[in-house]
Asks: 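Please see the structure below; I have some questions.
One-based numbering along the sequence shown.
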Amino acid sequence: RSAFGFNFSPRYRFSNQLSFSYGFNFNKNFNEEGYTTEDNNIPVFGRRDRKTFNNTISTKYNFSVKSSLSLTFRHNWSDVRYQAQFYDLGSNGYLVPNSFNENQDINFNSWNIDLNYFWQFAPGSQLIAFYRNSIFSVNENTGQDFFSNLDNLFNEPKQHIFSLRLVYFIDYNKAKNIF
């Protein structure tokens with residue numbers, strides 16, 4: 001097996017309040033072994049070629065040292081293509097060819113947009129508001145170019161998540177005197 005990859009991640013700070021970063025990561029693996037599925041409750045392995053792209057764009061604005069707003073876009077895409085021969089795990093730990101022949105190719109995508117507000121309103125106490133818009137896709141449509149893959153991803157249903165978290169620090173030494 002062999003692999004190569006690269007990472008590109010520039011960051012720019014416009015001021016003490018505003019910063020921006022972009023991250024791109026690409027990995028390509030050839031002829032690696034991996035678990036595919038189960039056939040009659042027996043694990044099936046295969047040799048595969050896998051390429052993975054990760055794109056991240058983030059920006060953060062600090063209103064003060066105790067309050068900030070951040071926005072992050074993330075896209076993760078993995079394209080996995082299995083070779084025609086599949087394997088069982090032999091008793092000696094080596095892979096033994098088998099007759100399994102179902103398509104196990106995988107096209108995996110996840111897309112997230114995160115908006116996060118953080119406020120430290122007292123020492124050790126925080127209010128965190130979080131919103132996520134996400135899209136997720138797993139199918140067998142391997143071999144697509146980047147933009148065709150992205151078009152297909154945006155046809156999937158979107159999921160919206162909102163979370164509000166309040167953390168309040170109670171000083172035990174002061175609280176025990178109240179009771």
Asks: If only atom types and distance count, is the side chain of Asn54 paired as donor or acceptor with the main-chain N or O of Asn25 below 3.5 Å?
Replies: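 Checking the backbone N and O of Asn25 against the side chain of Asn54, no donor-acceptor pair under 3.5 Å is found.
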Asks: Roughly how far, to the nearest 0.5 Å, is the CZ atom of Phe136 from the NZ atom of Lys158?
Replies: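 Interatomic distance, Lys158 NZ to Phe136 CZ, rounded to 0.5 Å: 15.5 Å.
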Asks: Under 6.0 Å from the OH atom of Tyr168, do we count more than 12 heavy atoms belonging to anything else shown?
Replies: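 For Tyr168, atom OH is not crowded (no more than 12 foreign heavy atoms under 6.0 Å).
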Asks: Is the shortest side-chain N to carboxylate O distance from Asp49 to Lys51 below 4.0 Å?
Replies: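 Looking at Asp49 and Lys51, the cut-off is not met.
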Asks: Does the ring centre of Phe26 sit less than 6.0 Å away from the ring centre of Phe53?
Replies: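 They qualify: ring centres under 6.0 Å apart.
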Asks: Determine yes or no for a side-chain-to-main-chain donor-acceptor pair under 3.5 angstrom, with Thr36 supplying the side chain and Val44 the backbone.
Replies: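 Such a contact is found between Thr36 side chain and Val44 backbone.
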Asks: Please find the pair of heavy atoms, one from Tyr94 and one from Asn92, that lie closest to each other, and give the distance.
Replies: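 Result for this residue pair: N-OD1, 3.1 Å.
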Asks: Write down the atom of Ser134, the atom of Asn112, and the distance for their closest heavy-atom approach.
Replies: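 Taking Ser134 first and Asn112 second, the nearest heavy atoms are CB-OD1, 3.0 Å.
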Asks: When you measure from the side chain of Asp145 to the backbone of Phe147, do you find a donor-acceptor pair of N or O atoms at a distance under 3.5 Å?
Replies: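 At least one qualifying donor-acceptor pair exists.
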Asks: Answer yes if Phe63 and Phe14 sit in the same cluster of Ile, Leu, Val, Met, Phe, Trp and Tyr residues linked by side chain heavy atoms under 4.5 Å apart, and no otherwise.
Replies: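 Yes, Phe63 connects to Phe14 through the hydrophobic network.
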Asks: What I want to find out is whether Asp114 reaches Arg74 closely enough, with some N-O distance under 4.0 Å, to be called a salt bridge.
Replies: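 Salt bridge: yes.
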Asks: Between Arg47 and Glu32 (salt bridge meaning N to carboxylate O under 4.0 Å), is one present in this structure?
Replies: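 Glu32 and Arg47: not salt-bridged.
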Asks: Which atoms form the tightest heavy-atom contact between Glu140 and Asp105, and what is the distance?
Replies: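 So the two residues come closest at CG-O, 3.4 Å.
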Asks: Of Asn109, Thr142, Asp79, which is the lone residue that meets side-chain hydrogen bond (donor to acceptor under 3.5 Å, both in side chains) with Asn149?
Replies: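 The passing option is Asn109.
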Asks: Which value, rounded to the nearest 0.5 Å, describes the distance between Tyr22 atom OH and Ser9 atom OG?
Replies: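 The OG atom of Ser9 is 9.5 Å from OH of Tyr22, to the nearest 0.5 Å.
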Asks: Using modelled atom types and a 3.5 Å cut-off, is there a donor and acceptor pairing between side-chain atoms of Asn62 and backbone atoms of Ser64?
Replies: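 Looks like no, no N/O pair under 3.5 Å.
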Asks: Applying the ring pair (Phe, Tyr, Trp, His ring centres under 6.0 Å) test to Phe24, which of Phe146, Phe6, Phe8 qualifies?
Replies: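 Only one of Phe146, Phe6, Phe8 forms a ring pair (Phe, Tyr, Trp, His ring centres under 6.0 Å) with Phe24, namely Phe6.
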Asks: Looking at OG of Ser99 and CG of Asp39, how far apart are the two atoms once the value is rounded to the nearest 0.5 Å?
Replies: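 The OG atom of Ser99 sits 7.5 Å away from the CG atom of Asp39.
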Asks: Spell out, as yes or no, whether a donor-acceptor pair under 3.5 Å connects the side chain of Ser19 to the backbone of Tyr12.
Replies: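 Not at all, since once roles are kept as given, no pair shorter than 3.5 Å links the two residues.
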Asks: Would you name the heavy atoms of Tyr87 and Gly46 that are closest together and state the gap between them?
Replies: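 Heavy atoms of Tyr87 and Gly46 come nearest at CD1-CA, 4.2 Å.
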Asks: CZ/Phe100 to OH/Tyr82 distance, rounded to the nearest 0.5 angstrom?
Replies: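 Phe100 CZ to Tyr82 OH: 10.0 Å, rounded to 0.5 Å.
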Asks: Please report the closest heavy-atom contact between Tyr117 and Ser67, naming both atoms and the distance.
Replies: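 Minimum heavy-atom separation between Tyr117 and Ser67: OH-OG, 2.9 Å.
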Asks: As an exercise, state the distance from OG1 of Thr72 to CG of Leu115, rounded to the nearest 0.5 Å.
Replies: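 Nearest 0.5 Å value for the OG1-CG distance: 9.0 Å.
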Asks: For Phe162, look at atom CZ and say whether over 12 heavy atoms of other residues, nucleotides or ligands are found less than 6.0 Å away.
Replies: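 For Phe162, atom CZ is crowded (more than 12 foreign heavy atoms under 6.0 Å).
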Asks: Kindly say whether Asn98 contributes a backbone atom to a donor-acceptor pair with the side chain of Gln85 at under 3.5 angstrom?
Replies: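 Confirmed, Gln85 side chain pairs with Asn98 backbone.
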Asks: Do Asn40 side-chain atoms and Ile42 backbone N/O form a donor-acceptor pair below 3.5 Å?
Replies: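 Checked: no pair found.
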Asks: Could you check whether any side-chain heavy atom of Val138 comes within less than 4.5 Å of a side-chain heavy atom of Ile106, counting everything from C-beta outward?
Replies: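 Yes, close enough: below the 4.5 Å cut-off.
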Asks: Give me the atom names and distance for the closest heavy-atom approach of Arg11 to Ser21.
Replies: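 Distance-wise, the nearest heavy atoms are CG-CB, 3.7 Å.
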Asks: Quick one, Asn107 with Trp77, criterion side chain to side chain donor-acceptor pair (under 3.5 Å). Give me CA distance, side-chain angles, the key distance, then yes/no.
Replies: CA-CA 7 Å; Asn107 182 37; Trp77 174 33; 2.6 Å; yes
